[in-house]
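Report on the following structure.
In the text below, chain A, chain B and the rest are named by the order of the sequence lines, each starting its count at 1.
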Number of protein chains: 2
Amino acid sequence: MTPSSASTAQAPNNDFYAAHDKLYVATDCIIFGFDDGDLKLLIFKRRVEPDSGIWSLIGSFVKIDEDVDEAARRVLKEITGLEAIYMEQSKTYGKAERDPGYRCISVAHYALMRINDHDRELTQSHGAFWYTLQEIPKLALDHTEMVSDALDKLRRRARYQPIGFELLPEKFTIPQLQKLYESIYQRELDPRNFRKKVLSLKVLVKLDEKDKSGSKRGAYLYRFDSEKYQELLESGYNFEI
Amino acid sequence: MTPSSASTAQAPNNDFYAAHDKLYVATDCIIFGFDDGDLKLLIFKRRVEPDSGIWSLIGSFVKIDEDVDEAARRVLKEITGLEAIYMEQSKTYGKAERDPGYRCISVAHYALMRINDHDRELTQSHGAFWYTLQEIPKLALDHTEMVSDALDKLRRRARYQPIGFELLPEKFTIPQLQKLYESIYQRELDPRNFRKKVLSLKVLVKLDEKDKSGSKRGAYLYRFDSEKYQELLESGYNFEI
DNA sequence: GATTTTAAGCGTTTAAAATACGCTTTTTAT
DNA sequence: ATAAAAAGCGTATTTTAAACGCTTAAAATC
């Protein structure tokens, strides 16, 4: 039997295809980026038959001698060209009927990246596009649920771990950081209180440069100081934005 | 090839055993209970060879036509006799070398139950014992890591969802509830502030009975009102203990 | 070149929540 | 009778969050 028309991952080629005869393990990646003041998701439109035109997350089967998280990193590298990306396991999807083609469980991971870092030609060659959260079309299989779950986890984690910085360039302004959190939580924040809160954590280092792209006046650039953050953690502080 | 000496789950019998030839999917359960003022974990000492004497979590392979969470529920029922238990997916363990016997990934779930509800004969017949967190011996494979991860998740979730009540009997006193939270967070709480906080949530119903087991004076029994809790959630309130 | 506009940046006030802790009550043990 | 111990109620203090006023810098407009 051939893979289902809705399936998006490739079956390992060291084995025959067989529906409900063998249990496959795959990984799917929910790739978040931030650009232009918006949180975005990288999704793929298949350009070849079967399934041409179907939007989905990118994924792959886990190889027989490969760690599951290694498989997720392999997928990320294949698609973005990047290796050092923040990645976190999200959830495992194991309904027997979730993929009509195979019996396949998928270990979803979400990743955070700086959109400008990645290899645009590479992603384009895979038929990949960045979509804002509001624009995301209906996705294949249970991928819509995967995105929604990953977003929940991202939101929760962003509250107690400074993962937001993984989505911004090295140098960023406070207003940019605020825009990021606003797009993660989908609600507006008071700029004065946000600034106060984020500076009170003492994990940002103010630079002597300004970024003029966002306003006439320009805003000071900062960088995240992970050493200070480590000290803060070790002293028992509970980071929270 | 036969299963590794360290493996604790049973291979599906509709297939041959083969090391690193086939990727198996299993589930392991981290079963928490609360009794005697202490949070406890249900673990198993194998009584038969191979692996006799090895402590581990209980688990099973996922059947070819079975949802992964269904497999976890099956395991829970087999071991405790209980079906309606709170269960949550914890994390998936997918290192290629995590089990020397098979290539096997495991989707861990944690469960919360009332120790007195379960079938003691059944658990004993499986060689199961309840251990407090401090007493837990070294466990097979990566099971120690599984317990530690599950405990982290339980702690986080207990902060914003009232899952603590899953561990207490229907009727409980405020001091009992406090003891529970103290044993989850492993730190002491002020009884006066705890009472104030928990009552301010308005999700407890005071009963006309007292429990005299904990003190001379006795303490009023309460029950958790899940309808009130639902209302609270729907009104946008963010439950937090 | 003065004026308007806009976001950046700094500050204060008010409200709410968390923490610390005093005191009375009820009951058993001495 | 009295001491002991947990239950239960209350208040004061500190900390944190939310609301909002005002100045500053620099480009755009008149």
| message | Looking only at the side chain of A/Arg195 (C-beta and beyond, no hydrogens), which of the listed nucleotides C/dT27, C/dC10, C/dA20 gets closest? | response | C/dC10
| Taking atom P of C/dT25 as reference, at what distance in whole Å does atom OH of B/Tyr220 sit? | 14 Å
| message | Output the rounded distance in Å from CG (B/Leu177) to C1' (D/dG8). | response | 15 Å
| request: Check the angle between the aromatic planes of B/Phe172 and B/Phe165 and answer parallel, tilted or perpendicular using the 30° and 60° thresholds. | output: tilted
| message | Regarding B/Pro191, tell me which of base, sugar-phosphate or nothing describes its non-hydrogen contacts under 4.0 Å with the strands shown. | response | nothing
| With sugar-phosphate meaning primed atoms plus P, OP1 and OP2, does B/Lys196 contact a base, only sugar-phosphate, or nothing at under 4.0 Å between heavy atoms? | base
| request: Would you name the heavy atoms of B/Ile115 and B/Gly33 that are closest together and state the gap between them? | output: CG1-CA, 3.6 Å
| message | What is the distance, to the nearest angstrom, from the CD1 atom on A/Ile174 to the C1' atom on C/dA8? | response | 11 Å
| field | Pair of N/O donor and acceptor under 3.5 Å linking C/dT19 base with B/Lys197 side chain | value | no
| query | Between atom NZ of A/Lys202 and atom NZ of A/Lys228, what is the distance when rounded to the nearest 0.5 Å? | reply | 8.0 Å
| Where the side chain of A/Pro175 is defined as all heavy atoms beyond and including C-beta, which of D/dA7, C/dA8, D/dC20 is the nearest nucleotide? | C/dA8
| query | If you check the B/Lys212 side chain, which of C/dT27, D/dA19, C/dT5 turns out closest? | reply | C/dT27
| query | Has B/Arg217 got a side-chain N or O lying under 4.0 Å from the OP1 or OP2 atom of D/dA6? | reply | no
| task | Select one nucleotide: of C/dT5, D/dA7, D/dA25, the one nearest the side-chain heavy atoms of A/Lys210. | result | D/dA25
| said: Would you call the rings of A/His118 and A/Trp130 parallel, tilted or perpendicular, taking 30° and 60° as the class edges? | reply: perpendicular
| note | Considering only heavy side-chain atoms of B/Arg192, the closest of D/dC9, D/dA4, D/dA6 is D/dC9
| message | Given the ring of B/Tyr181, does B/Arg159 sit roughly above its face, with NZ or CZ under 6.0 Å from the centre of the six-membered ring and within 45° of the axis? | response | no
| message | Can you measure B/Asn193 atom CG to D/dT14 atom P for me and round it to whole angstrom units? | response | 15 Å
| said: Rounded to whole Å, please give me the gap between CG in A/Leu199 and C1' in C/dG9. | reply: 10 Å
| query | Please give, in whole Å, the distance from D/dT13 C1' to B/Asp190 CG? | reply | 14 Å
| message | Without decimals, in angstroms, what is the distance between B/Lys216 NZ and D/dT2 P? | response | 17 Å
| remark: Closest to the 5' end of DNA chain C, once B/Gly218 and B/Glu240 are matched to their nearest nucleotides, is B/Glu240
| query | When the distance from CG of A/Asp211 to C1' of C/dA7 is rounded to whole Å, what number comes out? | reply | 12 Å
